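Here the structure is laid out as C-alpha cells; the discussion comes afterwards.
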Number of protein chains: 2
Amino acid sequence: MVETVQGARDGDAGRTGTTQGRTGDGRAGAQVGRMSQRRSGRPTLADVAALAGVGAITVSRALRRPDQVSPATRERIAQAVAELNYIPDPQARILASGRSDVIGVILPSLTNNVYADVLQGIYDGVAGTGFQIQIGNTRYDPEEEARLAPLFASQRPAAMLLTGIDQTPATRALLESAGFPIVQIMEKGDDPIDMIIGFSHFDAAQAAIRHLLGRGYRRIGVLGARMDPRLMRRQEGWRAALSEAGLPLREAISPEPSSATMGRALASRLMDAEPGLDALFCANDDLALGALFECQARGIAVPRDFGIVGFNDLEMMAAAVPSITSVQTRRYRMGRLGIEMLVERIAGRRPAEPNVDLGFELIERESTRRG
Amino acid sequence: MVETVQGARDGDAGRTGTTQGRTGDGRAGAQVGRMSQRRSGRPTLADVAALAGVGAITVSRALRRPDQVSPATRERIAQAVAELNYIPDPQARILASGRSDVIGVILPSLTNNVYADVLQGIYDGVAGTGFQIQIGNTRYDPEEEARLAPLFASQRPAAMLLTGIDQTPATRALLESAGFPIVQIMEKGDDPIDMIIGFSHFDAAQAAIRHLLGRGYRRIGVLGARMDPRLMRRQEGWRAALSEAGLPLREAISPEPSSATMGRALASRLMDAEPGLDALFCANDDLALGALFECQARGIAVPRDFGIVGFNDLEMMAAAVPSITSVQTRRYRMGRLGIEMLVERIAGRRPAEPNVDLGFELIERESTRRG
DNA sequence: TGACGCTATGATAGCGCTGTCATGATGTCA
DNA sequence: TGACATCATGACAGCGCTATCATAGCGTCA
C-alpha cells in the first residue's frame with residue numbers, strides 16, 4: 001500500500017512538474033520551517049482528472065454519484081484513482097459542500113464502563129457508514145458540556161449525540177436551532193431537543209428497591225457515588241420506593257467516582273452507622289462489587305443475611321460468588337441505535353419513533369436469592 | 001451563550017447588509033433540500049474584518065499571532081469578534097494552511113479497561129492545547145489497523161498515536177515518510193517509527209511468575225485471553241520463566257476477549273485438567289478476578305492453598321477479598337505522555353528522550369501472601 | 001538628509017473540492 | 001423531421017481561511 005502511495009507521489013511530481021522537491025522535503029521540513037505550505041504533495045482531484053482525460057467535476061461526481069457518470073468514463077476514472085492512489089481531502093470537501101461527515105459525541109466519561117459500552121455501540125453504529133466520530137469528554141462537568149457543545153456545533157457536524165437531558169438552557173437553545181439531527185441518550189424524557197433514547201432511572205432504582213422488599217429484606221441501605229443527573233434520578237426512585245414502603249432512608253453517598261474500593265468504604269461506613277442493615281442497593285455495579293467484598297471481609301453471609309443489588313449489570317456481576325443481582329441497562333444499544341437514528345435522519349428519512357424507551361431489566365441472581 | 005450567538009447573527013445581518021436572507025435560510029433548509037449551499041450563515045473572518053475596519057488578514061493574524069498586530073487594532077478586532085461571536089472555521093483553516101489540529105489515535109479497543117485509562121490520559125494530555133483527537137478502533141484486527149492508518153494519515157493530522165509495534169510493513173513505511181510526529185505506546189521497542197513509550201511485557205510476565213515462585217508456589221498455571229501481540233510477548237515471558245525454573249507449562253488460553261466470566265471458565269478448565277495446581281498467573285486482571293471467584297466457588301483458600309497474580313492492576317484488585325497481587329502498568333501515563341511528546345514535537349521541539357520505558361511494578365497483595 | 005531596516009497592514013492568489021448553470025449529444029414522440 | 005426532454009460532461013465561481021509578497025510609515029545612523 002505504501003509503495004503505491006509513494007509511486008503516486010512520483011507520478012504526480014513527474015506529471016505536473018510542480019511538485020519537484022516538495023516530495024523530498026515533505027518529511028524533514030514539516031516539523032520545523034517548511035519551505036512552502038502550498039499544496040500538500042498528495043494527488044488531487046485535478047491530477048486524477050488530467051490522467052483520466054476528463055474534467056475535475058466529473059471525477060468528483062464519479063466518486064460521489066457514480067450513477068451520474070457513464071460506465072466508460074467511470075472506469076477510466078477508477079483506473080486513474082487507483083494508479084495515483086488518490087484519496088479525497090475531507091477538509092476541502094467539507095469546506096466546499098458545507099456538509100461534514102463528522103458526528104459529534106459528547107460523553108461525561110471515557111473510563112466508566114458504562115460509557116465504554118456506549119462508545120463501542122457508537123463505533124459499531126458508524127462502521128461502514130463513512131461517518132467519523134468526534135468525541136468530547138465533559139468529565140461530568142456541566143460547564144464543560146456548555147463549553148463543548150457550541151464548539152462542536154460550530155464545526156458543522158452532520159449530527160450530534162449528547163448524554164442526558166440536563167443541558168443548560170443556552171446550550172439547548174443553540175442546539176435546537178442548529179440545523180442538524182441530534183439525539184440524546186441514557187435518559188427517558190418527554191421533551192427531547194430532537195430525538196432521545198433511554199430509560200427511566202427513577203423506575204429502575206425503584207424496581208431495585210422493590211425487589212429487595214419482595215425478597216424480605218427490610219433494613220435496606222443505599223450506596224451512591226458521583227451523583228450526576230442520572231444518579232440523582234435514581235436517588236429519587238429509591239427514596240420514593242423506600243418511603244412508599246414506610247422505611248427510613250439509609251444512604252451513604254460520595255461525590256467521588258464510583259469504584260469497588262469506594263463501594264467497600266461506603267458499605268463499611270453505612271454498616272457501622274446502621275447496625276442491623278440487611279441489604280444494600282448499590283447505584284453502580286462497582287459499588288456492589290465492593291459491597292460484596294466488604295461483606296466477605298466481615299464474614300457476613302450473602303444472600304442469607306444480607307442482600308445486594310447492583311446497577312448496570314456489568315459483566316463481572318454474573319461471575320461473582322455469589323453472583324450479584326443487578327439492573328440491566330442497554331448501554332451498547334443506546335449508543336448504536338443513537339447513531340443509527342442520526343444516520344437515518346442525515347439521509348433525510350424520518351425515524352419511526354424519535355422517542356425511544358429501551359427500558360431496563362432486573363436480573364435476579366444469587367446475591368438476593370435467599371431462603 | 002446561545003443568546004449571544006443568536007444576537008451575533010442579527011447583528012451581522014443588520015450591520016453588513018450582505019447577509020440578509022442568509023441568516024434566515026441558514027436553518028430551515030439545512031436538513032433536506034436547502035436552497036443554496038453557499039455560505040454557512042455564520043459570521044466569517046471577512047465579517048469581523050469589516051466590522052473592525054481592517055483587512056481580513058489582520059484579523060487572521062490577530063487571532064493566531066497577536067504579537068504581530070498593534071495593541072489598538074487587536075483591541076478593535078477583539079471587540080468585533082466578541083460582538084459577532086465569531087468562531088473560526090477549522091476546515092477552512094486546515095485547507096488554507098495545510099496544517100491540522102487533529103491528532104489521530106488508533107487503539108485496539110475502547111471497552112477494555114486498559115484502553116479506557118489510556119484514553120483518559122490522551123484526553124487529559126490534549127486538554128488546553130487546542131488539539132483535537134480522532135479515534136480509530138481496530139478491534140484487535142491488524143487488517144483494520146492497516147486500513148485505518150493510511151486513512152488517518154491522509155487527513156493530514158498534526159500527529160498520530162499508535163498502539164503497539166506490530167504495524168504491517170506497508171503501514172510502517174507509509175508512516176515513516178508521513179511527515180508528522182508519531183508515537184507508539186504500550187510496548188517497549190528498539191526500532192520505533194518515530195517515538196515510543198511502553199514497557200516490556202516479557203519482563204513483566206516473567207516477574208509475575210518469579211513472584212509466585214518466590215512465594216513457594218510450584219504447580220503454576222497461566223490464564224490468557226484474546227492473544228494480541230502484547231499478550232503474545234507476555235506469553236513468551238511466562239514461558240521463559242517457567243522453563244527457567246524447570247516447571248511444566250500449564251496454560252488455558254482463549255481467543256475470546258478477557259472477562260471475569262472467562263476467568264472463571266479458564267480457571268475451572270485448568271484446575272480440572274491439572275489437579276494439584278497451586279497458583280495462577282492471569283495475564284489480565286479480569287481473568288484474575290474470575291479466578292478468585294472460581295476459588296471461592298470451589299472452597300479453595302487463597303492465598304494459603306492457592307496463589308493468584310493478575311496483570312494491569314485495575315482498581316478492583318485492591319478492593320477484592322483477598323486483595324489480588326497484580327503487575328501495575330502505567331496506562332494513563334502512556335496516553336498522557338504520548339500526547340505531550342507529540343505536542344512538543346509539533347511545536348518543533350525535540351523531546352528529551354524519544355524512547356521511554358515506563359516499566360512496571362509488581363504490587364504484592366494478599367492473594368500471594370501466604371505463611 | 002537619505003539609505004536602510006523594521007513594523008503594521010493589505011492585496012492577491014490560492015488550498016482542494018463542490019454547487020450551479022451551461023452545453024452538446026442523444027433519444028423520443030407526434 | 002423538428003420540438004423537446006434527457007443524459008453526460010464541463011466551465012466557473014466560491015466555500016473561509018492563510019501564505020506570500022508588497023507597501024506605507026517610522027525610526028535610526030552615518
Side-chain angles (χ1 to χ4, degrees), chain A residues 12 16 18-19 22 33-50 52-77 84 86-101 154-156, chain B residues 12 18-19 22 26 29 33-50 52-77 81 84 86-101 154-156:
Chain A
D12 175 33
T16 69
T18 64
T19 41
R22 278 194 292 101
R34 42 166 64 154
M35 307 204 47
S36 163
Q37 316 282 159
R38 314 312 261 174
R39 296 192 63 89
S40 61
R42 291 165 38 199
T44 70
L45 247 199
D47 297 329
V48 175
V54 298
I57 315 347
T58 304
V59 177
S60 174
R61 267 193 291 255
L63 262 30
R64 289 175 300 138
R65 332 278 303 277
D67 55 300
Q68 293 186 358
V69 174
S70 71
T73 316
R74 213 187 302 158
E75 178 54 28
R76 284 215 315 287
I77 291 174
L84 296 179
Y86 168 72
I87 302 174
D89 183 321
Q91 264 73 39
R93 183 173 271 185
I94 293 167
L95 183 59
S97 69
R99 266 192 291 269
S100 103
D101 56 358
S154 80
Q155 309 201 7
R156 312 189 227 166
Chain B
D12 174 33
T18 64
T19 42
R22 276 196 291 104
R34 41 167 64 154
M35 308 203 46
S36 163
Q37 315 283 160
R38 314 315 259 170
R39 298 192 62 87
S40 62
R42 290 166 38 198
T44 70
L45 246 199
D47 297 328
V48 175
V54 298
I57 313 324
T58 305
V59 177
S60 175
R61 265 192 292 252
L63 263 30
R64 290 174 300 136
R65 332 280 301 278
D67 55 299
Q68 294 187 357
V69 175
S70 70
T73 315
R74 213 189 301 158
E75 177 53 27
R76 284 216 315 286
I77 291 174
V81 166
L84 296 179
Y86 168 74
I87 302 174
D89 182 320
Q91 264 74 38
R93 183 172 272 187
I94 293 167
L95 184 58
S97 69
R99 264 193 292 268
S100 102
D101 57 358
S154 80
Q155 309 201 8
R156 310 188 228 167

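Owing to the predicted nature of the structure, the values given are computational and were not obtained by experimental measurement. In what follows, chains carry the letters A, B, and so on, assigned in the order in which the sequence lines appear, proteins first and then strands, with residues in each chain numbered from 1.
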Distance, rounded to the nearest Å, where Leu45(A) contributes CG and dG16(C) contributes P: 10 Å
Atom-to-atom span, CG of Leu95(B) to C1' of dT18(C) - whole angstrom: 12 Å
Integer-rounded Å distance: dG16(D) C1' and Arg42(B) CZ: 9 Å
Leu45(A) vs Ile57(A) side-chain heavy atoms within contact, under 4.5 Å: no
Out of dC17(C), dG10(C), dT18(C), whichever nucleotide has its closest atom nearest the side chain of Thr44(A): dC17(C)
Non-hydrogen side-chain atoms of Arg74(A) and Arg61(A) separated by less than 4.5 Å: no
Separation of dG10(C) C1' from Ile77(B) CD1 (nearest whole Å): 12 Å
Criterion side-chain contact (heavy atoms from CB on, under 4.5 Å) on Val54(B) and Val69(B), from CA distance to verdict: CA-CA 11 Å; Val54(B) 298; Val69(B) 175; over 6 Å; no
Atom-pair distance (CZ on Arg93(B); C1' on dG16(C)), nearest Å: 19 Å
Side-chain donor/acceptor of Arg61(A) to base of dG10(D), under 3.5 Å: yes
Rounded distance (Å) that lies between atom C1' of dG16(D) and atom CG of Leu84(B): 15 Å
Donor-acceptor under 3.5 Å (Arg42(B) side chain, Ile87(B) main chain): yes
Heavy-atom check, side chain of Arg64(A) versus side chain of Arg93(A), under 4.5 Å: yes
Between C1' of dT9(D) and CD of Gln68(A), the distance in whole Å: 11 Å
Nucleotide nearest Thr73(A) (side chain, heavy atoms from C-beta), chosen from dA19(D), dT9(D), dG10(C): dT9(D)
Phosphate OP1/OP2 of dG10(C) contacted by Thr58(B) side-chain N/O (<4.0 Å): yes
Shortest side-chain distance from Ala96(B), nucleotide among dA11(C), dA11(D), dG16(D): dG16(D)
Spacing between Ile94(A) atom CD1 and dC17(D) atom P, to the nearest angstrom: 14 Å
Ser70(A) vs dA8(D): side-chain N/O to OP1/OP2 distance below 4.0 Å: no
Ser97(A) vs dC15(D): side-chain N/O to OP1/OP2 distance below 4.0 Å: no
